[in-house]
Number of protein chains: 2
Amino acid sequence: MTEDSTSNSATHIAVPSQVGPDQPLCQLREVLDRVGDKWSVLIMAILGNGPHRYSDLRRAIDGISQRMLTLTLRSLERDGLVTRTVTPTTPPRVDYGLTPVGQTLSKEVGSLINWSEQHREYISVARASYDSE
Amino acid sequence: MTEDSTSNSATHIAVPSQVGPDQPLCQLREVLDRVGDKWSVLIMAILGNGPHRYSDLRRAIDGISQRMLTLTLRSLERDGLVTRTVTPTTPPRVDYGLTPVGQTLSKEVGSLINWSEQHREYISVARASYDSE
DNA sequence: CCGGATCCAACAGGATACTG
DNA sequence: CAGTATCCTGTTGGATCCGG
């Protein structure tokens, strides 16, 4: 790297990180806007274990409202990440699962879970230390 | 059919995904509460390229307010993910960089960026398709 | 240049009630 | 069971002014 520092700010620090509409950072931003909300990733993680019924998801997540569960599922379905399968019996039954692409995202999420397991102790300590200063 | 509620649902469907306080899902939730906000991951990504000054970050992100930049940086510093280095010159100068642990998270973020590059076209198409129905 | 403090708008999201 | 509709709140985060 070190593409020089021609800017007049004259620093020896790697400079640019320019952000244009097609820069990776902007793409990340898009992804975050999609799955960076409160529930999407959680649902992706659960569905990574296999398909679930609506009510199963509700119980599994514990804390989510019907409203947000439905909204989030719809959003994920819209983005082609989860599938929605209706079985018109009585009572009706709806199963949600991952699409192939959804599974790839689920893997990324798994990676993040892993990271959190490994570092949450560290973070906890860092916080305590910071707060006590 | 009799609704056959012998088991908690679903014959051939992978079951439980129970969520307890120490379950991975809860840990993921913690991580998301930390870095799942609007700017944290973006900043981690930028700092992954090397340390940056406050004003560099401001210009790089383009859209962030001073308030949120400072708040987010403080939060990341508190969690031991970024370092803050003050050089008391005039005018003062402050550099931000990643801690070792911060770098590991930055790598995860990079992985996410990668995912988004590969799939945002797919998502875009999926959306258009969904919306046109 | 860095960033704290205050005010305020927007929106995410919970609670509840109702439908097919 | 699987949603939808309405209401209402807390929080997020932008704008702005000020101070070191």
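Chain identifiers are assigned alphabetically (A, B, ...) following the order of the sequence lines, protein sequences preceding nucleic acid strands; residue numbering begins at 1 within each chain.
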Open item on the list: Just verifying a value: how many Å separate Asp79(A) CG and Arg74(A) CZ, rounded to the nearest 0.5 Å?
Closed with: 13.5 Å

Task: Reported CZ-to-OG1 distance for the pair Arg58(B) and Thr70(B), which is rounded to 0.5 angstrom - done: 8.5 Å

Mind calculating the distance between [atom1] ([X]) and [atom2] ([N]) to the nearest angstrom?
{"X": "Ile61(A)", "N": "dG14(C)", "atom1": "CD1", "atom2": "C1'", "answer": "15 Å"}
{"X": "Tyr54(A)", "N": "dG20(C)", "atom1": "OH", "atom2": "C1'", "answer": "15 Å"}
{"X": "Asp62(A)", "N": "dG14(C)", "atom1": "CG", "atom2": "C1'", "answer": "14 Å"}
{"X": "Leu69(A)", "N": "dG13(C)", "atom1": "CG", "atom2": "C1'", "answer": "13 Å"}

When you measure from the side chain of [X] to the backbone of [Y], do you find a donor-acceptor pair of N or O atoms at a distance under 3.5 Å?
{"X": "Thr72(B)", "Y": "Met68(B)", "answer": "yes"}
{"X": "Thr89(A)", "Y": "Pro91(A)", "answer": "yes"}
{"X": "Ser106(B)", "Y": "Gly102(B)", "answer": "no"}

Task: Contacts of type side-chain contact (heavy atoms from CB on, under 4.5 Å), residue Val101(B), not counting sequence neighbours - done: Trp115(A), His119(A), Tyr122(A), Leu81(B), Thr99(B), Thr104(B)

Task: Counterpart residues, side-chain contact (heavy atoms from CB on, under 4.5 Å), relative to Gln103(B) (two or more places apart) - done: Leu98(B)

Open item on the list: Within the 4.0 Å limit for protein heavy atoms, which parts of nucleotides 6-20 of chain D are touched? Write it as a string from 5' to 3', B for base, S for sugar-phosphate only, - for none.
Closed with: B------BBBB---B

- [ ] May I ask you to say whether Arg59(A) pairs ionically with Asp56(A), meaning some side-chain N is under 4.0 Å from a carboxylate O?
- [x] yes

Open item on the list: So if I apply the side-chain hydrogen bond (donor to acceptor under 3.5 Å, both in side chains) rule between Tyr96(B) and each of Glu77(B), His52(B), Arg84(B), which one comes out positive?
Closed with: Arg84(B)

When you check the phosphate oxygens OP1 and OP2 of [N], does a side-chain N or O of [X] lie under 4.0 Å from one of them?
{"X": "Arg84(A)", "N": "dG3(D)", "result": "yes"}
{"X": "Thr89(A)", "N": "dC1(D)", "result": "no"}
{"X": "Arg93(B)", "N": "dC2(C)", "result": "no"}

Task: Closest non-hydrogen atom pair, Ala45(A) against Ile113(A) - done: CB-CD1, 4.2 Å

- [ ] Would you work out how much the helix from dC1(C)-dG20(D) to dG20(C)-dC1(D) bends between its ends, with each end axis defined by five base pairs, to 10 degrees?
- [x] 40°

TODO: Can you sort out which residues in residues 71-81 of chain B have a heavy atom within less than 4.0 Å of DNA chain D? Ascending by number, please.
DONE: none

Task: Qualifying side chain to side chain donor-acceptor pair (under 3.5 Å) pairs with a residue from residues 37-47 of chain A, counting only residues at least two apart or across chains - done: Asp37(A)-Ser40(A)

Open item on the list: Students often get this wrong, so: under 4.0 angstrom with heavy atoms, is Arg58(A) touching a base, only sugar-phosphate, or nothing?
Closed with: nothing

